[in-house]
J.: 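Next up is a structure, given as structure tokens.
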Amino acid sequence: MLNIVFVLFLTAASPCSPPAVGPSPVSVAEERHLPRLEWSILIPAWLRHRQLGLHTKGQHFMLEDSIFWIFGGSIHYFRVPREYWRDRLLKMRACGLNTLTTYVPWNLHEPERGKFNFSGNLDLEAFVLMAAEIGLWVILRPGPYICSEIDLGGLPSWLLQDSGMKLRTTYKGFTEAVDLYFDHLMSRVVPLQYKHGGPIIAVQVENEYGSYDKDPAYMPYIRKALEDRGIIELLLTSDNKDGLKKGMVHGVLATINLQTREELQLMNTFLVNVQGIQPKMVMEYWTGWFDSWGGPHNILDSSEVLETVTAIVDAGSSINLYMFHGGTNFGFINGAMHFHEYKSDVTSYDYDAVLTEAGDYTAKYSKLREFFGSFSDVPLPPPPKPLPKMTYEPLIPVFYLSLWDVLSFIGEPIKSEKPINMENLPVNDGNGQAFGYILYETIITSSGTLSGIVRDRGQVFLDTVSIGFMDYKTTKIVIPLIQGYTFLRILVENRGRVNYGNNIDDQRKGIIGNLYLNDSPLKKFRIYSLDMKKSFFQRFSIDKWTHIPDVPTLPAFFFCGFVIGSSPSDTFLKLEVCKPPLLILSSVFSEG
């Protein structure tokens, strides 16, 4: 068998990740006709008599009548290729952990209103059942908001079509959408609960709401939304030191998120004073940290990790390692932070976790395996062998397509008197555009000062000549002297919506409001939706590509291929010498 990889490059204003490619979403109507498994026949009879589940008794967690320590680790199924789920879960079990925790990303599961995707890499049920097969319990963190350094904290961008939207509140437009999503999601989750024979022993109510705290009725609403749909396992909240006081919900066990022993002492003292004698749990012990474009790779020393984990357990607390394995922000799903300045998260979600982004072992793994193994009465299962890696030949692009040529065969542009932001574009059956780029085009006849709000970064062109960029810091740019009618074009990149903070309601992308030339609003725009989905690139028929000229017209797409032989191995693309930065899009084809 001969495997050939074709790689496509697009010059862009800043580095980005390849678009997620997966099965088409399934509509609600279509889901009704899918066969459903009868879960009760898949479990032995002795498991059908589970009654108490995970509960609290004084300072202890109890699973049925036995004291239970939660030694957990986080892996997000949507950040790991499905083909590697088993490898990562086996490595978790071999590290001495007994519980998997995972978020559920609403924006990926319902990319358009009423159309759900739980297939392929988003098959939540398959992931949870695989964990059970391997011998892991599961704590599910279904949101609807999850933070997780994912675009808009996992909330769908189409929510922002409503100009009055108030996310993470009991605003009617938000709760109606949550209710419909939970109707679908919980129908999948309920059969997987412990008391129904599944591995889910606890469910988290939202995520770090104390740090947001805009509506006192919201958390009780989410709790009721879960319970009304059949969630019967132990409920938990999860907050960092900034939100712990305000994130608690009556009747729900509070847990804490931290990285240092100093935080542990302060937060445990607070919990005892407020919650009384209850089991303690660090829901997120941060084994590393995420990275932002332009910043350093964050590293946390393995010895420090071991010392803190030891201190947490010695304090009588259960623990979840966030992350055990981070994985990758596939496509454009990365989030961003915006406090003093906007910083988008990188494609890698390596997190300096216990396993690397590629799933390889680290010093943290070895030390933690020895530590958690000391609590086991039987030897831990052997760790799986490392997966093979391969260095392939350098990629040399051969063919190319200028963006300006592409415009002629991707369909008619949207015509509008004013700029339209990404979320409100009349595309995707009225759901707007979630990720990627937008090209705005209008005609001007004079020079002057161009001004406006561009999110997140816009490259400004006169006809096809780049004259500069507009972003959060640069809101004005000088248009040089021109002659006659000239195309003004702005290629705007969505670099990721903020996933944490008080400004998530303001995460619309593109040109926001009017674009002004000498303080006069420009009119009559042609707008191209460049969402970089698989369907977008399927319009690039082979006859459209040409050999790369000595001086290519940019921005442009570049195309190349290379042979990987009959036994493909893991690898990665190294782009540190690429100028300008590149968006990488790849597909694998096999012959034989």
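All figures in this text were calculated on a predicted structure; none of them were measured in a lab.
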J.: Would you give the length of the straight line joining atom CD1 of I319 to atom CG of L368, rounded to the nearest 0.5 angstrom?
T.: 8.0 Å
J.: Are any of the side-chain nitrogens in D179 or R229 under 4.0 Å away from the carboxylate oxygens of its partner?
T.: yes
J.: Take atom CD of E370 as the centre, draw a 6.0 Å sphere, and report whether it contains more than 12 heavy atoms from other residues, nucleotides or ligands.
T.: no
J.: Atom CD of E284 and atom CG of L321: how far apart are they, to the nearest 0.5 Å?
T.: 11.0 Å
J.: First locate atom CH2 of W293, then atom CG of D345, and finally report the distance between them rounded to the nearest 0.5 Å.
T.: 10.5 Å
J.: Strictly under 6.0 Å, is that where the ring centroids of H325 and Y365 end up?
T.: no
J.: Is a salt bridge present between R79 and E149, judged by a nitrogen-to-oxygen distance below 4.0 Å?
T.: no
J.: Nearest 0.5 Å, please: how far is CG in L236 from CG in N207?
T.: 11.5 Å
J.: Can you confirm whether I277 is buried at CD1, in the sense that more than 12 heavy atoms of other residues, nucleotides or ligands lie under 6.0 Å from that atom?
T.: no
J.: Identify whether the distance between the nearest side-chain nitrogen and carboxylate oxygen of K246 and D239 falls below 4.0 Å.
T.: no
J.: Report yes or no: does D352 contribute a side-chain atom to a donor-acceptor pair with the main-chain N or O of L300 at less than 3.5 Å?
T.: yes
J.: Taking atom CG as the centre, does D314 end up with more than 12 heavy-atom neighbours from other residues, nucleotides or ligands that are less than 6.0 angstrom away?
T.: yes
J.: Can any side-chain N or O of K91 pair as donor or acceptor with the backbone N or O of L355 at less than 3.5 Å?
T.: no
J.: To the nearest 0.5 Å, what is the distance between CH2 on W158 and CZ on R113?
T.: 4.5 Å
J.: For the residue pair F435 and F332, categorise the inter-ring angle as parallel (less than 30°), tilted (30 to 60°) or perpendicular (more than 60°).
T.: parallel
J.: So, does Q193 use its side chain to make a donor-acceptor pair with the main chain of I232 at under 3.5 Å?
T.: yes
J.: Mark yes or no: K245 above the aromatic ring of F270, with NZ or CZ under 6.0 Å from the six-membered ring centre and no more than 45 degrees from the axis.
T.: no
J.: Taking K166 first and then D215, would you say they form a salt bridge - that is, a charged N and a carboxylate O separated by under 4.0 Å?
T.: no
J.: Taking the six-membered ring for Trp and the single ring otherwise, decide whether the centroids of Y322 and Y351 are under 6.0 Å apart.
T.: yes
J.: Among Y212, Y145, Y218, whose side-chain hydrogen bond (donor to acceptor under 3.5 Å, both in side chains) with E206 holds?
T.: Y218
J.: Would Y285 and V305 count as a side chain to side chain contact (heavy atoms under 4.5 Å, CB included) if you check the C-alpha gap in whole Å, the side-chain angles of each, and the deciding distance to 0.1 Å?
T.: CA-CA 9 Å; Y285 166 63; V305 168; 3.7 Å; yes
J.: Identify the heavy atoms of G143 and I222 that sit nearest to each other, and give their distance.
T.: O-CG2, 4.1 Å
J.: For the side chain of E208 and the backbone of G243, is there at least one donor-acceptor N/O pair under 3.5 Å apart?
T.: no
J.: Check whether W286 reaches the backbone of N257 with its side chain - one donor and one acceptor, N or O, closer than 3.5 Å.
T.: no
J.: First locate atom NZ of K509, then atom CG of D151, and finally report the distance between them rounded to the nearest 0.5 Å.
T.: 7.5 Å
J.: Examine the side chains of Y77 and N121 and answer whether a donor and an acceptor come within less than 3.5 Å of each other.
T.: no
J.: Is it true that the NZ or CZ of R188 lies under 6.0 Å from the centre of F118's six-membered ring and within 45 degrees of the ring axis?
T.: yes
J.: Can any side-chain N or O of N98 pair as donor or acceptor with the backbone N or O of F71 at less than 3.5 Å?
T.: yes
J.: Do R457 side-chain atoms and E493 backbone N/O form a donor-acceptor pair below 3.5 Å?
T.: no
J.: Would a distance-only check, ignoring hydrogens and angles, find a side-chain to backbone donor-acceptor pair under 3.5 Å from T287 to M323?
T.: yes
J.: If only atom types and distance count, is the side chain of R508 paired as donor or acceptor with the main-chain N or O of R455 below 3.5 Å?
T.: no
J.: Tell me which one of Q507, E423, H338 satisfies side-chain hydrogen bond (donor to acceptor under 3.5 Å, both in side chains) with R497.
T.: E423
J.: Would you kindly say whether S119 and N117 are connected by a side-chain donor-acceptor distance under 3.5 Å?
T.: yes
J.: With no hydrogens and no angle check, is any side-chain donor or acceptor of Q259 less than 3.5 Å from a backbone partner on G288?
T.: yes
J.: Is it the case that the side chains of T99 and N320 hold a donor-acceptor pair, with the cut-off being a distance below 3.5 Å and no angle test?
T.: no
J.: Can a side-chain donor-acceptor contact be found between T328 and E357 if the only test is distance below 3.5 angstrom?
T.: yes
J.: I'd like to know if the side chain of N240 pairs up with that of Y500 as donor and acceptor (distance under 3.5 Å, no hydrogens or angles considered).
T.: yes
J.: Tell me whether Q265 at atom CD has more than 12 heavy atoms from other residues, nucleotides or ligands lying less than 6.0 Å away.
T.: no
